[in-house]
Amino acid sequence: WQYLRLLGLAAAPQRHRHFFADALGSLARGGRHPRVLVTGTADYSMLAHVADAYVQATADLAVVDRCATPVVLCAWYAGLVGAPLRTFVADVLELAPGASFDVVCSHSFLSQFPARSRPALVARWRDLLRPGGVAVTTTRISPPGTPGVVRFTPAQAAAFADRARLEAERLGPVLDLDREAVAERAHRYAGRIAVHTVTSDDEVVRLLEDGGLRVEHLEVREVEGPATTGTSGPSTSQSARYAEVVARRE
């Protein structure tokens with residue numbers, strides 16, 4: 001995943017840096033939302049945006065992921081920048097942290113859950129938040145009629161591997177990469193990705209508000225950037241529509 005980011009082939013939170021800076025920065029400056037939980041993290045990038053927003057504020061940061069690797073990466077990053085951090089290796093739906101949070105945030109996390117499981121996720125976000133706590137998230141909006149689960153086609157996987165090969169060749173002198181090894185791993189990665197689609201902003205609003213979170217801000221915009229992969233959904237497009245959302249627990 002880290003190499004995909006370096007090669008410009010991963011849709012990371014950086015694409016939403018202005019949204020996260022504004023939404024999280026406002027909460028940090030208000031002084032009443034110091035306890036922040038990142039739910040689901042491919043690496044330390046989402047945590048980095050939180051830490052940056054709270055750099056001048058008191059913060060009690062935490063991350064949860066069912067995979068230990070990104071949790072270890074987050075712990076490394078927190079140590080690097082001197083940010084306090086609690087870590088949980090657990091399924092967020094089963095997390096019992098022993099205390100509530102002021103903020104839960106994520107990047108493209110809804111698309112990791114099939115539609116039938118998303119209400120449970122939103123309910124868990126609500127349970128993890130104190131009354132008045134805030135959820136900050138983004139999710140890709142796929143065109144109407146898109147299948148519920150999207151995977152790379154064989155042709156798309158081959159094209160993704162070809163692009164990885166070209167980028168590895170371009171950056172090889174800097175990163176010491178074997179372009180064929182990179183292409184093979186990129187092809188294998190593309191073959192394993194499955195993303196559960198969200199097809200409208202109305203769907204996002206209904207999901208959050210039915211789960212007890214009142215939407216205070218929702219903007220859908222075209223996001224330019226790399227070919228989308230992983231947490232954002234397989235695609236060979238250079239841009240995608242995303243909803244950027246702030247919702248509050250009643």
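All figures in this text were calculated on a predicted structure; none of them were measured in a lab.
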Handout entry: For R214, salt bridge (Lys or Arg N to Asp or Glu O under 4.0 Å) partners two or more places apart
Key =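 For R214 the salt bridge (Lys or Arg N to Asp or Glu O under 4.0 Å) partners, ignoring immediate neighbours, are E216, E250.
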
Problem - Salt-bridge criterion met for R206 and E203 (N-O under 4.0 Å) - result: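 Salt bridge: no.
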
Exercise for the section: Could you tell me whether D52 and R17 make a salt bridge, using a distance below 4.0 angstrom between a side-chain N and a carboxylate O? Expected result: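 Here D52 does not pair with R17 in a salt bridge, since their nearest N and O are not under 4.0 Å apart.
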
Practice task
Mind telling me whether H107 and H16 have parallel, tilted or perpendicular rings, with 30° and 60° as the class edges?
Solution key: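 Tilted, since the angle between the ring planes falls between 30° and 60°.
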
Practice task
Just say parallel, tilted or perpendicular for the rings of F160 and F152, cut-offs at 30° and 60°.
Solution key: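 Judged by the thresholds at 30° and 60°, the geometry between F160 and F152 is tilted.
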
Look at the side chain of [X] and the backbone N and O of [Y], then say whether any donor-acceptor pair between them is shorter than 3.5 Å.
X	Y	value
R35	S100	yes
R241	V223	no
R248	G132	yes
S111	S108	yes
R249	L129	yes
D65	T41	yes

Evaluate the side-chain proximity of [Y] to [X]: yes if any heavy-atom separation is below 4.5 Å, no if none is.
X	Y	result
V245	T138	no
V149	P114	no
D201	L218	yes

Practice task
Tell me, with the steps shown, if R165 and E169 meet salt bridge (Lys or Arg N to Asp or Glu O under 4.0 Å).
Solution key: CA-CA 6 Å; R165 181 184 292 106; E169 183 175 12; over 6 Å; no

Practice task
Test L177 against L7 for side chain to side chain contact (heavy atoms under 4.5 Å, CB included), laying out the working first.
Solution key: CA-CA 11 Å; L177 297 177; L7 296 173; 4.0 Å; yes

Exercise for the section: Assess whether salt bridge (Lys or Arg N to Asp or Glu O under 4.0 Å) is satisfied between D60 and R86, documenting all intermediate values. Expected result: CA-CA 8 Å; D60 177 9; R86 288 181 290 158; 3.5 Å; yes

Practice task
Dump the intermediate steps for salt bridge (Lys or Arg N to Asp or Glu O under 4.0 Å) on D102 and R130, then the final yes or no.
Solution key: CA-CA 6 Å; D102 304 302; R130 64 163 173 83; 2.5 Å; yes

Exercise for the section: Say whether T137 and S106, considering side chains only, have a donor N or O and an acceptor N or O under 3.5 Å apart. Expected result: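 A pair is found: one side chain offers a donor N or O, the other an acceptor, under 3.5 Å apart.
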
Problem - V136-V198 co-clustered via ILVMFWY side chain contacts under 4.5 Å - result: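 No, V136 and V198 fall in different hydrophobic clusters.
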
Exercise for the section: Check whether V38 and V89 end up in the same hydrophobic cluster, where Ile, Leu, Val, Met, Phe, Trp and Tyr are linked by side-chain heavy atoms less than 4.5 Å apart. Expected result: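 No, separate clusters.
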
Completion exercise
Residues at least two apart in sequence or cross-chain that pass ring pair (Phe, Tyr, Trp, His ring centres under 6.0 Å) with Y54, listed by chain then number, are none

